[in-house]
There are 2 protein chains.
Amino acid sequence: MRDYYSITELTREFGISTRTLRFYEDEGLIKPVRRGRTRLYRPSDRHLVRQILRGRSIGFSIAEIREIIEVYKAPPGEIGQLKLMLARISEKQRDLRQKRRDLEDTLEELARAEEACVERLAELGVTT
Amino acid sequence: MRDYYSITELTREFGISTRTLRFYEDEGLIKPVRRGRTRLYRPSDRHLVRQILRGRSIGFSIAEIREIIEVYKAPPGEIGQLKLMLARISEKQRDLRQKRRDLEDTLEELARAEEACVERLAELGVTT
DNA sequence: TCGAAAATTGACTTTTACGTAAAAGCCGTG
DNA sequence: CACGGCTTTTACGTAAAAGTCAATTTTCGA
């Protein structure tokens, strides 16, 4: 486990641009430490980037990703805050489960389309 | 099963604007029939709208949704075309399975965050 | 048949999520 | 020491996906 990663190391690892990483920083999603003016990304920053990209992949906006990240942060001390956080987590879970249903439905439609193609090919005497 | 739906019926059902439906039409995603200049959406158009919104929900761009819609269409007659279509279907399935993994990972992280909150509350003597 | 409500087109605007370009600082190598 | 490579900030640009507004039709129910 490395101590720090440079910005280009992360861009190469994740296939994104430096602009994207700086943008996420501007948006308050990540806060790499600095040596002088140069950004140094810790393993925890790297992990956060991975999570951000996962969120992006499944169609969350930056604002929504920010909300999810808030939730990842260490739980606060106060009871009210904890309960509020639990509520927010539940909401995000609902969002994700809905997305999962949408995803499964789309996969099923694709499977049907696939089957139709295979059948049509069979009719034409082609073995897949 | 109704014959036709008006544009506002669909906007209400799906919680989108008329502009959005017309935009999808401009983009060639749906082609409702017309009575005069008025759009009439068939059940198949309605179903297509549902699919479009599902695609949008899970982070596909209009261009990607268009590709998926191409795939839904009745399989063509020619063998080469059919094989090409099968290849495109496989590609979309890969995309979706990756998204599903990202989604599951995010759900797991949320479950961990939830557990941390519950434990912290338990330490404070609060029963959830 | 008349008038409100709904639908149309077209143009312009907005938001999100970066891209791109300019100008300059740091740093190891030959 | 200058060179290439990586990094920085600042600033403007842009594509996608609609939102908004205006000016007209069109439709439909009383």
Side-chain angles (χ1 to χ4, degrees), chain A residues 2-42 45-46 48-70 95 99 102 106, chain B residues 2-42 45-46 48-70 95 99 102 106:
Chain A
R2 307 254 315 268
D3 274 5
Y4 297 113
Y5 303 85
S6 76
I7 195 166
T8 33
E9 280 177 322
L10 290 193
T11 64
R12 291 196 181 121
E13 174 170 3
F14 293 117
I16 56 179
S17 68
T18 58
R19 180 71 182 85
T20 299
L21 282 171
R22 293 192 191 106
F23 173 70
Y24 291 159
E25 187 173 342
D26 282 348
E27 292 294 313
L29 300 184
I30 41 179
K31 296 197 204 309
V33 296
R34 301 268 182 148
R35 182 178 50 208
R37 300 206 301 172
T38 305
R39 293 164 174 83
L40 296 176
Y41 295 83
R42 292 155 293 186
D45 295 315
R46 177 162 164 272
L48 204 43
V49 170
R50 196 194 306 282
Q51 291 180 166
I52 292 168
L53 295 179
R54 280 207 286 255
R56 184 179 74 165
S57 147
I58 54 185
F60 281 115
S61 70
I62 296 299
E64 290 169 316
I65 290 171
R66 199 192 339 264
E67 285 179 40
I68 294 176
I69 283 177
E70 290 293 312
D95 288 358
K99 273 186 198 296
D102 289 338
T106 306
Chain B
R2 307 253 316 267
D3 275 5
Y4 296 114
Y5 303 85
S6 75
I7 193 165
T8 34
E9 280 177 323
L10 291 193
T11 63
R12 290 197 182 119
E13 174 171 3
F14 293 116
I16 56 179
S17 68
T18 59
R19 181 71 185 84
T20 299
L21 282 172
R22 286 193 274 266
F23 174 69
Y24 291 158
E25 187 175 344
D26 283 348
E27 292 295 312
L29 300 184
I30 40 179
K31 296 197 203 311
V33 296
R34 302 269 181 146
R35 183 176 52 206
R37 297 207 301 173
T38 304
R39 292 164 175 83
L40 295 176
Y41 295 83
R42 292 155 293 187
D45 295 316
R46 176 162 165 271
L48 204 42
V49 170
R50 195 195 305 282
Q51 291 180 164
I52 293 168
L53 296 179
R54 279 208 286 255
R56 187 179 72 166
S57 148
I58 53 184
F60 281 115
S61 70
I62 296 298
E64 289 170 315
I65 291 171
R66 199 192 339 265
E67 285 180 40
I68 294 176
I69 283 177
E70 291 293 313
D95 288 358
K99 274 184 198 297
D102 289 337
T106 306

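In what follows, every chain begins at residue 1, and chains take the letters A, B, ... in the order their sequences are listed. Just the heavy atoms: all of them, side chains too, but no hydrogens, waters or symmetry mates, feed the values below.
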Stepwise side-chain hydrogen bond (donor to acceptor under 3.5 Å, both in side chains) check, Ser17(B) with Thr20(B) = CA-CA 5 Å; Ser17(B) 68; Thr20(B) 299; 3.0 Å; yes
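For the pair Glu9(A) CD and dG5(D) P, the interatomic distance rounds to 17 Å; values are reported in whole Å. Between the CD1 atom of Ile52(A) and the P atom of dC18(C) there is a distance of 10 Å, given to the nearest Å. The distance from atom CZ of Arg37(B) to atom C1' of dT24(D) is 8 Å, rounded to the nearest whole Å. Protein atom CD1 of Ile65(A) is 8 Å distant from nucleotide atom P of dC18(C), rounded to whole Å. Put simply, OH on Tyr4(A) is 16 Å from P on dT7(D), counting in whole angstrom units. Between Tyr41(B) atom OH and dT8(C) atom C1' the separation is 11 Å, expressed in whole Å. One atom, CZ of Arg56(B), and another, P of dT16(C), lie 15 Å apart when rounded to the nearest Å. Following rounding to the nearest Å, Ile7(A) (CD1) and dG25(C) (C1') show an atom-to-atom distance of 15 Å.
Distances shown here put a side-chain N or O of Arg39(B) below 4.0 Å from the OP1 or OP2 atom of dT8(C). Put simply, Arg34(A) has no side-chain N or O that comes within less than 4.0 Å of OP1 or OP2 on dT7(D). An OP1 or OP2 oxygen of dT8(C) is reached within less than 4.0 angstrom by no side-chain nitrogen or oxygen of Thr38(B). OP1 and OP2 of dA6(C) both lie 4.0 Å or more from every side-chain N or O belonging to Arg35(B).
Ion pairing between a basic and an acidic side chain is recognised when a charged N comes within 4.0 Å of a carboxylate O; Glu25(B) and Arg39(B) show such pairing. With salt bridges taken as basic N to acidic carboxylate O contacts below 4.0 Å, none links Lys99(A) and Glu64(A). Ion pair Arg66(A)/Glu27(A) flagged as a salt bridge, since at least one NZ, NE, NH1 or NH2 atom sits closer than 4.0 Å to an Asp/Glu carboxylate oxygen.
Panel note: side chain Thr106(A), backbone Asp102(A); a donor-acceptor pair is recorded below 3.5 Å.
A cation-pi arrangement is present between Arg2(B) and Tyr5(B) under the rule of less than 6.0 angstrom and at most 45 degrees off the ring axis.
Along DNA chain C, the nucleotide nearest Ser6(B) and the nucleotide nearest Phe60(A) are compared for position; the residue whose nucleotide lies closer to the 5' end is Ser6(B).
Residue Ile62(A) has its side chain nearest to dC18(C) when only dC18(C), dT8(D), dA7(C) are considered.
A heavy atom closer than 4.0 Å to some atom of DNA chain C occurs in Ser17(A), Arg19(A), Thr20(A), Phe23(A), Tyr24(A), these being the qualifying members of residues 11-24 of chain A.
To the nearest 0.5 Å, the span separating CZ on Arg50(B) from CG on Asp45(B) amounts to 12.5 Å.
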